[in-house]
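Below is one structure; the comments refer to it alone.
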Amino acid sequence: MTFTLATVNVNGLRAAARKGMGDWLAATSADVVTLQEVRAPDELLADLMGEGWSIVGEASRLKGRAGVAIAARTSLERIDLEGVRRGLPGLEEEDAHSGRWLEADLGDPLGDGQDLTVISCYMHSGSVDKPQTMVDKYAFLDVALERLAALRADGRHVVLTGDLNIAHQNNDIKNWKGNLKSAGFLPEERAYLDRLLVEGDWVDVHRRLAGDVPGPYTWWSQRGKAFDNDSGWRIDYQLTTPQLGERATAAQVDRAPSYDTRWSDHSPLVVTYD
C-alpha cells in the first residue's frame, strides 16, 4: 500500500486555477495535496480545486494574504480529513499568524496501524529591512517546534509540509554566498531546521532521497532568468517523524517545462510513502 503526498505554494489559488493548475491536478498521482498562499476564502476552495477533492482550509484574516489548505481525493475511502485544527496554539488569535498553519488527521492511510497527521504550513517570509517581520517569523518558529514535539508525543506519524521560507543548507540555494545576509538563509533561521534535522531525528525526505546534490529547487524568483537558469531555492519541504521518513520511497519536483507554462512561482514537491 502506498500513499502519495504533494505540497505546493500556489501563489494565489484563483490565479493558479486560471493558469492551468487543474491540468496538474488531473495528472498527479497525489492522494493528498497541501496548499499554501491560497489567498481565497474557504467557501471558494472546493470550486477552485474542482471535482474529486475534499478540502479544508484556514484563510488569513488579512485580506489577500497567506491561507493554507489540505485536499484529499474523495475516491479514497482509507483517507479521512478529520481532526482538523487551525492555527498554532497560543497564536491563533493573532492576525499576523492567521492562515499559516493547518493540521488534519488522516486516519491510517499506510495501513500500519498508526494515525497520520499532515500539516500545511506557510511560514512568514521575513525581511531584514523590516525587523517586525523577523520577530513574527521567529515567534512562529518557536511555537511550531513546540507543537511538532507535542503532536508526535503519542507515537503517531507526523509530516510537516509546505513553504517554510528557509533554505537549510548551502546546496538548498543556488547563490548561497550572495544570500548569507538575506532572509530565508540567515544563520538564525537555519538553526531552527538544525534543531529538527541535525540535533533531532526528524527526516527531510526530499534531501534523503535526492542525496547531497544542488537542489532540486522548488522556488525561483520571477525576476530575470532565475527559472531558465535553475537559479532557485529549496524552501518547500516534507519533514517527517523517523518511522514515516523511512517509508518514503520516491520524491520529485514537478517543475514546469518552461517559464510560460508555470502556474505558480513554486513547483509541487511530490513524495510517495510505502
Side-chain angles (χ1 to χ4, degrees), residues 1-8 25 28-36 45-46 49 52-58 68-89 92 100-122 143-164 193 195-211 236-254 268-274:
M1 183 181 295
T2 62
F3 169 70
T4 301
L5 175 63
T7 186
V8 60
L25 286 170
T28 184
S29 60
D31 302 307
V32 171
V33 180
T34 70
L35 312 172
Q36 301 85 45
L45 294 182
M49 283 290 291
W53 297 91
S54 174
I55 186 166
V56 294
E58 193 217 358
V68 287
I70 300 174
R73 290 192 186 275
T74 56
S75 59
L76 295 175
E77 296 181 358
R78 60 190 171 91
I79 297 177
D80 296 312
L81 281 176
E82 56 187 25
V84 176
R85 296 171 292 277
R86 294 171 172 84
L88 280 169
E92 309 101 315
R100 293 184 178 275
W101 187 275
L102 177 67
E103 303 172 9
D105 302 327
L106 300 187
D108 180 17
L110 289 170
D112 63 354
Q114 287 185 267
D115 291 338
L116 170 64
T117 295
V118 171
I119 303 160
S120 181
C121 173
Y122 177 49
V143 179
L145 265 60
E146 292 176 0
R147 180 59 182 161
L148 291 173
L151 280 172
R152 64 175 296 187
D154 63 1
R156 76 179 77 190
H157 295 309
V158 182
V159 53
L160 170 64
T161 76
D163 178 2
L164 302 189
L193 294 185
R195 288 165 59 184
L196 289 175
L197 303 171
V198 179
E199 300 162 22
D201 58 0
W202 288 76
V203 181
D204 178 351
V205 294
H206 187 197
R207 175 55 67 209
R208 180 178 75 79
L209 292 168
D236 303 271
Y237 295 87
Q238 295 194 28
L239 307 182
T240 73
T241 43
Q243 286 185 321
L244 182 60
E246 293 173 359
R247 293 171 176 264
T249 58
Q252 68 182 47
V253 177
D254 282 353
L269 170 61
V270 186
V271 177
T272 297
Y273 300 87
D274 193 340

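Here the structure is a predicted model, which means the values were calculated and not measured.
- Taking both residues in full, the closest heavy atoms of Trp53 and Ala30 are given as CH2-O, 3.8 Å, listed atom of the first, atom of the second, then distance.
- Looking at heavy atoms from C-beta onward, Leu88 lies out of side-chain contact with Glu146 at the 4.5 angstrom threshold.
- Tested against Val159 for a side chain to side chain contact (heavy atoms under 4.5 Å, CB included), the candidates Ile119, Thr241, Leu116, Val32 yield a single pass: Leu116.
- Every residue two or more places apart in sequence or in another chain that forms a salt bridge (charged side-chain N to carboxylate O under 4.0 Å, His left out) with Asp204 is listed here: Arg234.
- Between Leu151 and Asp154, the shortest heavy-atom contact is O-OD1, 3.2 Å.
- Residues forming a side chain to side chain contact (heavy atoms under 4.5 Å, CB included) with Glu92 (at least two apart in sequence, or on another chain): Pro89.
- Considering every non-hydrogen atom in both Ala6 and Val270, the closest pair reads CB-CG2, 3.9 Å.
- Here the shortest heavy-atom pairing between Val68 and Cys121 reads CG1-C, 4.3 Å.
- Remark: Arg86 engages no residue in a side-chain hydrogen bond (donor to acceptor under 3.5 Å, both in side chains) (not counting sequence neighbours).
- Residues passing the salt bridge (charged side-chain N to carboxylate O under 4.0 Å, His left out) test with Asp201, sequence neighbours excluded: Arg152.
- Inter-residue side-chain proximity for Asp105 and Arg85 is flagged as met; some heavy-atom pair is nearer than 4.5 Å.
- Under the side chain to side chain contact (heavy atoms under 4.5 Å, CB included) criterion, Asp274 pairs with Thr2, Thr249, sequence neighbours left out.
- When the salt bridge (charged side-chain N to carboxylate O under 4.0 Å, His left out) test is applied to Asp112, the partners found at least two apart in sequence or on another chain are Arg247.
- Asp31 places a side-chain N or O within 3.5 Å of a backbone atom of Thr4 that can act as its donor or acceptor partner.
- Annotation: side chain to side chain contact (heavy atoms under 4.5 Å, CB included) contacts of Val271 (sequence neighbours excluded): Val205, Gln238, Ala248, Ala251, Leu269, Tyr273.
- Partners of Ala104 by side chain to side chain contact (heavy atoms under 4.5 Å, CB included), not counting sequence neighbours, listed by chain and number: Ile70, Leu81, Val84, Leu106.
- Taking the side-chain hydrogen bond (donor to acceptor under 3.5 Å, both in side chains) definition, one finds that Arg147 meets it with Glu103, sequence neighbours left out.
- The two residues Ala69 and Leu102 have their closest heavy-atom pair at CA-CD2, 3.7 Å.
- Partners of Ser120 according to the side-chain hydrogen bond (donor to acceptor under 3.5 Å, both in side chains) rule, which considers only residues two or more places apart in sequence or in another chain, are Gln36.
- Listed by chain and number, the residues in a side-chain hydrogen bond (donor to acceptor under 3.5 Å, both in side chains) with Tyr237 amount to none (sequence neighbours excluded).
- Scanning for salt bridge (charged side-chain N to carboxylate O under 4.0 Å, His left out) contacts around Arg73 gives an empty result, with sequence neighbours left out.
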